Protein chains: 2
Amino acid sequence: MPKTTFQNLSPEKRERITAAAIAEFSSVPYGKATLDRIVDAAGVSKGSMYQYFAGKADLYRWLLTEHLPARKMAAIGALAPAPGANVWAVLEQAFLAGVRFAAAEPSLTRLGLRFRRDHEIEPELAAIRRGHRAASDAWLQALLNEGKERGELRGDLDVSMASGFLAHALGEGMLDQLARRVGLDLDGFFERPDATASLADEDILDLVRGVTRLFREGAGAR
Amino acid sequence: MPKTTFQNLSPEKRERITAAAIAEFSSVPYGKATLDRIVDAAGVSKGSMYQYFAGKADLYRWLLTEHLPARKMAAIGALAPAPGANVWAVLEQAFLAGVRFAAAEPSLTRLGLRFRRDHEIEPELAAIRRGHRAASDAWLQALLNEGKERGELRGDLDVSMASGFLAHALGEGMLDQLARRVGLDLDGFFERPDATASLADEDILDLVRGVTRLFREGAGAR
DNA sequence: TGGGCATGTGACTGATGAGTCATACTGTAT
DNA sequence: ATACAGTATGACTCATCAGTCACATGCCCA
C-alpha cells in the first residue's frame, strides 16, 4: 500500500501519478506494464516512485483494492444486499450499473477487466482476485436464494450453478455484447478506449432487459 | 510455421519438443514462457530450436493453429454442423465433448484456455483468436437459427445475443463449474493439472444437463 | 546563517530472455 | 579420402526493466 509520502503529495501530483498508472495498467497486461513508462507519463522520477510505493506490485494492488473500488462506489454506490426487492429488478439494476460504469469510466473498466483475465502469477494478486470473485459470488447466491424463497425462481434451481453463470454473464458476457453492439470485438475494446461512449442509454437498457429475460425465461419455446 | 527441418526430425524427438512446449505454454502465460526452459526440458540446444521454428511466436502459433486442433479433432471429432438433430441434444453433445476433452487432455485444455484469456499484444496472435471466436460463434448462431426455424426455440429469441452468452457458458462458465465441483477455483485448475480426472462421468453428464436446462427453461418460476 | 530531516533525482546495477553466429559434427556422394 | 550440405551447439550480443544509491534540493527550526 502507498507510503505516507504519497498521501502527503499535493492532490494534483497524486492525481497525475494515479492517472498515469491507470493508463499504463489498463492498456497493457500487468507483465508488460513498466514503471519507467508510468514515471515518464506522470513527470516524476523513478526514485520518487519508490518513495511512494514499495514497487510495481504495490502500486497495482493499491489501484485494484483501494482506488478502483472507491471510484466505483462513488460512481454507482454500493450494491445493496437486495433490500427485499424483486430479484429481476435487482438484477437489472446491477447489470445496468455495470454497463453504465463501463461507459462512464472506460479506463477503470479496462483496468478491472485486465485484472479479471490476465493470468499472471504473482500469487498475492491471485489471492485478491479470489477475494473479488468470492464476494460477488456470495452476493449473487444470497440474491438467488432470497428469490427462490419468495417463489420468484424455480424451486429446484441449482443456485450455485446459476450464480456461476450469472457471474460470467454480468462480467464478461455483458461487455462482450456491449462491444459487439458498438461494432468491435473485445480485443478492439481494449484498443479503442471510448467506443462505448457512443452507446445510447436506451440501447443499454434494451440490452440489459434482453439478458435478464434470457436468464429468466430461457431460450426454449414455450 | 515449423520449418522442414522440424518435419524431418525423428517422431520421438519431435514429440519431446512438442511436449515441452505444451508444458511451458500451458503453465505460464505467453509473456512469461521462455524458450530457454522449453529447450532445456526437451533436451535440445537453443540454436536447434531456431532451425525448427522462426521463434517463440512461431512455435506458439503452430501449437494453437495446427497441433491443438489436430489433437482435439482426433479426440472428439469435428463438431458436425447440426445434422438436423434437436438443438438441445446437439448442445448437450457439444458441452459434453468439451468437458470430456478437458478431463482427458488437461494440458492441451489449459493451453487453449490460456490462449483465450491472456490478453497478450502480439497482433497476429490476437487475429488468430478472433478467428477462433468467429468460427465458434458462426457455428452457434447457425445452430440456434435452425432451432428457431424448427420451433424448438422462442420465436423472438435474439440469436446474436444468445449465442454470445452460450459461447461464454460453453467456454469459461463450464470449466468454472467443473473446477468448483472438484473443489478448487480456476486459478487452482491451472495449478493442479489433473484435478479434473477425478470427476466421474455421470457427474459430468449431470452438470451438462443442468446447464442445458438452465439455458432452455431459464431460472424464473413457472 | 547553519544544521538536519524529508523528499527528489536519474545514472547505474543486475537479472532475464530473445535471437545470432562461429564452430563442430554427421552423413552421403564422388 | 575429400568435399559438401544439412544439422547441432551454446556462448554471446543486445535490449529491457525492476529496483538501488549516492548525491541534490528543498524546507523548517534555532
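Computed from a prediction, not measured in an experiment: that's the story for all the values here. Worth knowing before you read on, the calculation uses all heavy atoms, side chains too, and leaves out hydrogens, waters and symmetry mates.
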- Message: At 4.0 Å (heavy atoms only), tell me whether Lys13(B) reaches a base, stays on the sugar-phosphate, or touches nothing.
- Response: sugar-phosphate

- Using five base pairs at each end, measure the axis-to-axis angle across the helix from dT1(C)-dA30(D) to dT30(C)-dA1(D) and round it to 10 degrees. 30°

- For DNA chain C, determine which residues of residues 33-54 of chain B have any heavy atom closer than 4.0 angstrom to one of its atoms, and list them numerically. Ala33(B), Thr34(B), Leu35(B), Asp36(B), Lys46(B), Tyr50(B)

- Outer limits of DNA chain D sitting under 4.0 Å from a non-hydrogen atom of chain A, read 5' to 3', are dC17(D) to dT20(D)

- Task: Please list residues of residues 14-22 of chain A whose heavy atoms come under 4.0 Å from any atom in DNA chain D, ordered by number; otherwise none.
- Result: none

- With Arg37(A) via side-chain contact (heavy atoms from CB on, under 4.5 Å) - residues at least two apart: Glu24(A), Val28(A), Thr34(A)

- Item | Atom pair CG/CE of Leu68(B) and Met73(B) - distance to nearest 0.5 Å | 11.5 Å

- Message: I'd like the 5' and 3' limits of the part of DNA chain C contacted by chain B, with heavy-atom contacts below 4.0 Å.
- Response: dG17(C) to dT20(C)

- Task: List in chain and number order the residues that pass ring pair (Phe, Tyr, Trp, His ring centres under 6.0 Å) with Tyr60(A), two or more places apart in sequence or in another chain; answer none if no residue qualifies.
- Result: Phe25(A), Tyr30(A)

- To the nearest 0.5 angstrom, please state how far the CZ atom of Phe53(A) sits from the NZ atom of Lys3(A). 10.0 Å

For residues 4-11 of chain B, which side-chain donor-acceptor pairs fall under 3.5 Å, sequence neighbours excluded?
from: Thr5(B); atom 1: OG1; to: Gln51(B); atom 2: O; distance (Å): 3.0
from: Ser10(B); atom 1: OG; to: Lys13(B); atom 2: N; distance (Å): 3.1

- Query: Would you find more than 12 non-hydrogen atoms of other residues, nucleotides or ligands less than 6.0 Å from Lys56(A) atom NZ?
  - Reply: yes

- Could you tell me which residues satisfy side-chain contact (heavy atoms from CB on, under 4.5 Å) with Arg209(B), sequence neighbours excluded, listed by chain and number? Glu92(B), Leu205(B)

- Which is it for Glu146(A) and Val87(A) under the side-chain contact (heavy atoms from CB on, under 4.5 Å) test, yes or no, and what are the steps along the way? CA-CA 8 Å; Glu146(A) 269 189 59; Val87(A) 180; 5.8 Å; no

- Query: Who are the ring pair (Phe, Tyr, Trp, His ring centres under 6.0 Å) partners of Tyr50(A), not counting sequence neighbours?
  - Reply: none

- Item | side-chain contact (heavy atoms from CB on, under 4.5 Å) between Val159(A) and Leu140(A), intermediate numbers included | CA-CA 9 Å; Val159(A) 167; Leu140(A) 269 174; over 6 Å; no

- Message: Looking only at side-chain N and O atoms, does Gln141(B) offer a donor or acceptor that is under 3.5 Å from a partner on Asp137(B)?
- Response: yes

- Task: Supply the atom-to-atom distance Met161(A) CE to Leu144(A) CG, rounded to the nearest 0.5 angstrom.
- Result: 10.5 Å

- Message: Does Asp58(B) form a side-chain contact (heavy atoms from CB on, under 4.5 Å) with Trp62(B)? I'd like the steps, not just the answer.
- Response: CA-CA 6 Å; Asp58(B) 189 38; Trp62(B) 173 71; 5.5 Å; no

- Query: In chain order, what residues pass the side-chain contact (heavy atoms from CB on, under 4.5 Å) check against Ser45(B), with sequence neighbours excluded?
  - Reply: Ser48(B)

- Message: Holding to ring pair (Phe, Tyr, Trp, His ring centres under 6.0 Å), I want the full list of residues that pass it with His168(A), two or more places apart in sequence or in another chain.
- Response: none

